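Just so we're on the same page: letters track the sequence lines, and every chain starts at 1. Quick caveat, the model's predicted, so the values are computed rather than measured.
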Protein chains: 2
Amino acid sequence: MSEQFYSEILREHGLKATVTRLRILELLSESKVAMSHSEISDCFDNEKIDKVTLYRTLNAFVECGIAHKVANEDRNWLYAIFDKDIKPNGTEGSEHKHEHAHFICSACDKIYCFPVVEEMKFNKLKDLMGFKIDQHEIRLHGTCPVCQ
Amino acid sequence: MSEQFYSEILREHGLKATVTRLRILELLSESKVAMSHSEISDCFDNEKIDKVTLYRTLNAFVECGIAHKVANEDRNWLYAIFDKDIKPNGTEGSEHKHEHAHFICSACDKIYCFPVVEEMKFNKLKDLMGFKIDQHEIRLHGTCPVCQ
DNA sequence: AAACTACTTGCAACTGAATTGCATTAATCG
DNA sequence: CGATTAATGCAATTCAGTTGCAAGTAGTTT
């Protein structure tokens, strides 16, 4: 995708299109998996990005709705661009940005985002002994195609 | 429960029954919710427990199978004794210690442990586009009875 | 195109959870 | 009751993430 394309995304979300943000947005947009602060940082070996700027950029992406964050097994935040979910056969990308499952590979520890498919919905479950359930989060553990 | 009772649990799991461990085990056993290091620490205002000892005790409980840990929304570890899960109507306590769901109250941020009930099982979901699924974790978000 | 201004960046210093090393102390077993 | 092995307590350290502030820059105004 062109720089123009990413610039527009940033501006549409109320963020100034700075060089640093464009580079981070492009990197995340092209990644198949959610990435941590340090992983992102390592991708900019040559032209170092300040760690605070990176933290603030990632938080800005999350706050404006460009990205979402998910904690990995080490409880560090991983960041992923919305609407990049892997689409299994016959599944339309969910309209609801927050409705997606996360797949954590036990071998490589990478996290992949999935839309919530029919099998993952348990509609009956609205109330459990007085606990009112609004939404649920699914974390799938297993082996990703790369590690099999 | 008596000190004898807790001492036995510790020894059965290969841990020496020290005063500190007994107090922590008793506290956790009587708690309806999973507790963080700092919450536990705060419960021992008078007779302070060393923070490192507390960390090591909690890890020992997890490693020997007395307790399990779950990350809260702030990504701090919360600890809970196994087999204290809330039992909804007609549910038998799960035999599999690791099969339980967590309910996170959006109001008070407390985490309650539940056994996995039938509605939460999606057996069909074993493979998703080449991602082999071994197990899944469910985090339910809503309002607990206390906060309603 | 220069000036403006509000947002963004970079640096240093800080916070808070959790860990490590090591000397001291206590629980268990013979 | 000792001996042995594990547990404790303290200081120092690590690491992710945050805060405050001065300097820089994008997007807008004139």
Side-chain angles (χ1 to χ4, degrees), chain A residues 3-4 6-25 34-64 66-79 109 111, chain B residues 3-26 34-64 66-79 109 111:
Chain A
E3 188 172 309
Q4 286 295 330
Y6 292 120
S7 294
E8 222 157 288
I9 291 180
L10 289 171
R11 286 195 212 97
E12 279 169 7
H13 286 84
L15 299 177
K16 286 185 180 172
T18 66
V19 179
T20 309
R21 283 176 177 167
L22 284 167
R23 287 157 71 202
I24 298 167
L25 178 55
M35 295 179 79
S36 69
H37 178 280
S38 72
E39 283 168 345
I40 296 168
S41 203
D42 290 347
C43 291
F44 297 104
D45 261 347
N46 316 339
E47 315 160 62
K48 277 268 174 254
I49 289 180
D50 180 76
K51 68 166 184 170
V52 179
T53 302
L54 181 50
Y55 276 118
R56 288 200 266 231
T57 299
L58 294 170
N59 284 337
F61 285 4
V62 172
E63 271 160 37
C64 77
I66 289 179
H68 68 282
K69 59 184 178 181
V70 53
N72 70 3
E73 299 296 280
D74 293 332
R75 293 170 308 138
N76 297 324
W77 285 125
L78 303 191
Y79 300 85
D109 244 24
I111 297 189
Chain B
E3 188 173 307
Q4 286 296 330
F5 176 77
Y6 292 120
S7 293
E8 221 156 289
I9 291 179
L10 289 171
R11 287 197 211 95
E12 277 169 9
H13 287 85
L15 299 178
K16 287 184 181 172
T18 66
V19 178
T20 310
R21 284 177 177 168
L22 283 169
R23 288 157 69 201
I24 298 167
L25 178 56
E26 185 178 5
M35 294 180 79
S36 68
H37 178 281
S38 72
E39 283 168 344
I40 296 168
S41 203
D42 290 346
C43 291
F44 297 105
D45 262 346
N46 316 340
E47 314 159 63
K48 278 268 173 253
I49 289 181
D50 181 74
K51 67 168 186 170
V52 178
T53 302
L54 181 49
Y55 276 118
R56 288 198 266 230
T57 299
L58 294 170
N59 284 337
F61 285 4
V62 171
E63 271 160 38
C64 78
I66 289 180
H68 69 282
K69 58 185 179 180
V70 52
N72 70 2
E73 298 297 279
D74 293 332
R75 292 171 307 140
N76 297 323
W77 286 125
L78 304 192
Y79 300 84
D109 245 25
I111 297 189

B:L15 to B:R21 - nearest heavy-atom pair and separation: CB-NH1, 3.7 Å

Counting primed atoms, P, OP1 and OP2 as sugar-phosphate and everything else as base, the B/S/- map of nucleotides 12-22 of chain C against protein heavy atoms under 4.0 Å is B----SBBBB-

Taken to the nearest whole Å, CG/B:L10 to P/C:dA26 is 18 Å

Those residues at least two apart in sequence (or on a different chain) that pass side-chain contact (heavy atoms from CB on, under 4.5 Å) with B:S7 are B:E3, B:R11, B:A17, B:L22

Is there a donor-acceptor pair closer than 3.5 Å between any side-chain N or O of A:D74 and the backbone N or O of A:N76? no

Close N/O contacts between protein and nucleotides 26-30 of chain D (under 3.5 Å):
residue, atom, partner, partner atom, Å
D:dA26, N3, A:K16, NZ, 3.4
D:dG27, OP1, A:R11, NE, 2.8
D:dG27, OP1, A:A17, N, 3.2

Who are the side-chain contact (heavy atoms from CB on, under 4.5 Å) partners of B:E39, not counting sequence neighbours? B:M35, B:S36

Protein-nucleotide distance (A:L22, atom CG; C:dC7, atom P), rounded to Å: 19 Å

Length of the line joining B:I24:CD1 and D:dG9:C1', which is rounded to integer Å: 13 Å

Are the side chain of A:H37 and the backbone of A:L54 linked by a donor-acceptor contact shorter than 3.5 Å? no

So, using ring-ring contact (aromatic ring centres under 6.0 Å, His included) as the criterion, who are the partners of B:F5 when residues are at least two apart? none

Using whole Å, report how far CG of A:L54 lies from C1' of C:dC11. 15 Å

With sequence neighbours excluded, residues passing side-chain contact (heavy atoms from CB on, under 4.5 Å) with B:E26: B:Y6, B:E30

Which heavy atom in A:K16 sits nearest to a heavy atom in A:L10, and how many Å separate them? O-CD1, 4.4 Å

Length of the NZ-P vector between B:K48 and D:dG9, whole Å: 13 Å

For B:A71 versus A:R75, what's the shortest heavy-atom pair and its separation? CB-CD, 3.7 Å

Please report, rounded to the nearest Å, how far the P atom of C:dT28 is from the NE2 atom of B:H13. 16 Å

Taking atom C1' of D:dA6 as reference, at what distance in whole Å does atom CD of B:E63 sit? 14 Å

To the nearest angstrom, how far is A:D50 atom CG from D:dC21 atom C1'? 14 Å

